[in-house]
Enquirer: 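This structure is in structure tokens; I'll ask about it shortly.
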There are 2 protein chains.
Amino acid sequence: MSPQEQPVKEQRRTRQRAAVDEVLDETEDFISAQDLHAILRTRGMSVGLATVYRTLQTLADDGRVDVLRTAGGEAAYRRCARDEHHHHMVCRSCGATVEIAGPAVERWTNSVAKEHGYVDVSHTLEIFGTCPRCAAQSGGPAGR
Amino acid sequence: MSPQEQPVKEQRRTRQRAAVDEVLDETEDFISAQDLHAILRTRGMSVGLATVYRTLQTLADDGRVDVLRTAGGEAAYRRCARDEHHHHMVCRSCGATVEIAGPAVERWTNSVAKEHGYVDVSHTLEIFGTCPRCAAQSGGPAGR
DNA sequence: GACCTTTTGACAATGGTTGTCATGCTACAT
DNA sequence: ATGTAGCATGACAACCATTGTCAAAAGGTC
């Protein structure tokens, strides 16, 4: 309902944005602005921290990357493979991410919203767990 | 699986904790540590900000309050009415909160997790929208 | 190349949250 | 009631992610 279709404001192509884009392309899992900045530094491509923040924010606003708040309150970004709305299941130890679509959940949230008269609803849903690989490593039984 | 049942560490009862508890009891919606601290000040019950943070954190650790990260990354707390796992639908403008239980969602997340071999899963789900009252006020049609 | 805008970057500023540590208070034993 | 031990408190500094500032640099155009 009312999906303000701003055709994504035209932007200039700069070395810095290309660099951020590149890292996002190569990175499978969620990454924080700070980490991304650190990686750029490592590669010798010096980009201002503020610029990284601005670039990621712009990408997020345009829906070209997914944003996720970690438990610590930091923002993490990730290039989304699919355009439609979807969610993520993230591994607590290695960060491996699985994109998941849940039509059922979408329907459910909508019905709940309608039931209570809420309009213009959105929602966030993230699943955290331990992926098979990490589970296998850190000892099967004897949790910790 | 391994629900580390720490019987809630015994704690001393202090004036400050009682004060925080009281505010939580009276507050229907999510409230940030800062706001809670401000309220205490208003009432003349001076409690250190650090103490408010510590108290809320402890309560959250013990599962006696729900924690929610706002879009801005701030933590908001709320006494949960029900003990079992549940979610919230929060109004963007007035903060009115509805507690909702979604057995279907729980089952869905579990099946998704199992499907991908993830174990020890947890999840966060929050719904944001505009409650009927606020929707009525801020003009029906002509969004903004 | 000249020109106008957008973008960048270094750094300050902000704002929430946590750490520090001397002092205060609770709980419990005397 | 008094003493005692140790957790709790509070004032403030320290942190850390993020945002604001603004002059200098780069992109796009003519």
Side-chain angles (χ1 to χ4, degrees), chain A residues 6-24 27 29-62 64-78 95, chain B residues 6-24 27 29-62 64-78 95:
Chain A
Q6 288 283 291
V8 175
K9 184 174 181 182
E10 192 53 50
Q11 290 172 192
R12 288 185 181 169
R13 171 150 244 84
T14 67
R15 172 180 67 79
Q16 293 82 343
R17 289 205 242 248
V20 170
D21 242 57
E22 193 183 312
V23 174
L24 283 175
T27 308
D29 307 321
F30 280 91
I31 185 174
S32 70
Q34 302 274 353
D35 288 347
L36 203 160
H37 177 246
I39 289 180
L40 289 175
R41 284 205 130 197
T42 298
R43 300 192 184 175
M45 317 180 67
S46 186
V47 176
L49 180 55
T51 301
V52 173
Y53 272 103
R54 278 185 296 240
T55 303
L56 287 174
Q57 200 162 259
T58 303
L59 289 173
D61 287 346
D62 294 346
R64 286 187 292 209
V65 295
D66 284 344
V67 192
L68 164 58
R69 286 269 170 194
T70 69
E74 312 164 42
Y77 305 82
R78 180 177 196 263
Chain B
Q6 288 284 288
V8 176
K9 184 173 183 184
E10 191 54 48
Q11 292 173 189
R12 294 183 177 171
R13 284 131 43 112
T14 67
R15 172 181 67 80
Q16 293 82 343
R17 286 186 197 176
V20 169
D21 242 57
E22 193 183 312
V23 174
L24 284 175
T27 307
D29 307 321
F30 280 91
I31 186 174
S32 70
Q34 302 273 353
D35 287 349
L36 203 160
H37 177 247
I39 290 180
L40 289 175
R41 284 204 129 197
T42 298
R43 299 190 183 176
M45 317 181 67
S46 186
V47 176
L49 181 55
T51 302
V52 173
Y53 272 103
R54 278 186 294 241
T55 304
L56 287 174
Q57 201 163 57
T58 302
L59 288 173
D61 287 346
D62 294 347
R64 286 187 292 208
V65 295
D66 284 343
V67 192
L68 164 58
R69 287 270 170 192
T70 69
E74 312 163 41
Y77 304 83
R78 180 177 197 265

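Chain identifiers are assigned alphabetically (A, B, ...) following the order of the sequence lines, protein sequences preceding nucleic acid strands; residue numbering begins at 1 within each chain.
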Enquirer: Are OP1 or OP2 of dT7(C) and a side-chain N or O of Q16(A) less than 4.0 angstrom apart?
Expert: no

Enquirer: Could you tell me whether the side chain of R15(B) has a donor or acceptor atom within less than 3.5 Å of a complementary atom in the base of dG24(C)?
Expert: no

Enquirer: With a 3.5 Å cut-off and no angle check, do the side chains of Y77(B) and Q57(B) form a donor-acceptor pair?
Expert: no

Enquirer: Is the distance from OP1 or OP2 of dT6(C) to the nearest side-chain N or O of Q11(A) less than 4.0 Å?
Expert: no

Enquirer: Provide, to the nearest angstrom, the distance between the CD atom belonging to E74(B) and the P atom belonging to dT18(D).
Expert: 13 Å

Enquirer: So, does the side chain of R12(A) form a donor-acceptor pair with the base of dT5(C) at under 3.5 Å?
Expert: yes

Enquirer: List the steps and the verdict of side-chain contact (heavy atoms from CB on, under 4.5 Å) for Q11(B) and T58(B).
Expert: CA-CA 10 Å; Q11(B) 292 173 189; T58(B) 302; 2.8 Å; yes

Enquirer: Which pair of heavy atoms, one from V67(A) and one from A60(A), lies closest together, and at what distance?
Expert: CG2-CB, 3.4 Å

Enquirer: Where each residue is assigned the nucleotide of DNA chain C containing its nearest heavy atom, which of R54(B) and T51(A) is assigned the position nearer the 5′ end?
Expert: T51(A)

Enquirer: Measure distances between side-chain N and O atoms of R13(B) and base N and O atoms of dT26(C), and say whether any donor-acceptor pair falls under 3.5 Å.
Expert: no

Enquirer: Among residues 32-47 of chain A, which contact DNA chain D at a heavy-atom distance under 4.0 Å?
Expert: Q34(A)

Enquirer: State, to the nearest 10°, the angle formed by the axis through the first five base pairs of the helix from dG1(C)-dC30(D) to dT30(C)-dA1(D) and the axis through its last five.
Expert: 30°

Enquirer: Could you tell me whether the phosphate oxygens of dT18(D), OP1 or OP2, come under 4.0 Å of any side-chain nitrogen or oxygen in Y53(A)?
Expert: yes

Enquirer: side-chain contact (heavy atoms from CB on, under 4.5 Å), that's the test. Do T27(B) and D35(B) meet it? Break it down for me.
Expert: CA-CA 11 Å; T27(B) 307; D35(B) 287 349; over 6 Å; no

Enquirer: Compile the donor-acceptor pairs under 3.5 Å between side chains in residues 36-50 of chain B and protein atoms, sequence neighbours left out, one pair per line.
Expert:
residue, atom, partner, partner atom, Å
H37(B), NE2, V47(B), O, 3.0
T42(B), OG1, A38(B), O, 3.0
R43(B), NH1, E26(B), OE1, 3.3
R43(B), NH2, E26(B), OE1, 2.6

Enquirer: Examine dT9(D): is either OP1 or OP2 under 4.0 Å from a nitrogen or oxygen in the side chain of T14(B)? Give yes or no.
Expert: yes

Enquirer: Among the nucleotides dT18(D), dG19(C), dC11(C), which one has an atom lying closest to any side-chain atom of A75(A)?
Expert: dT18(D)

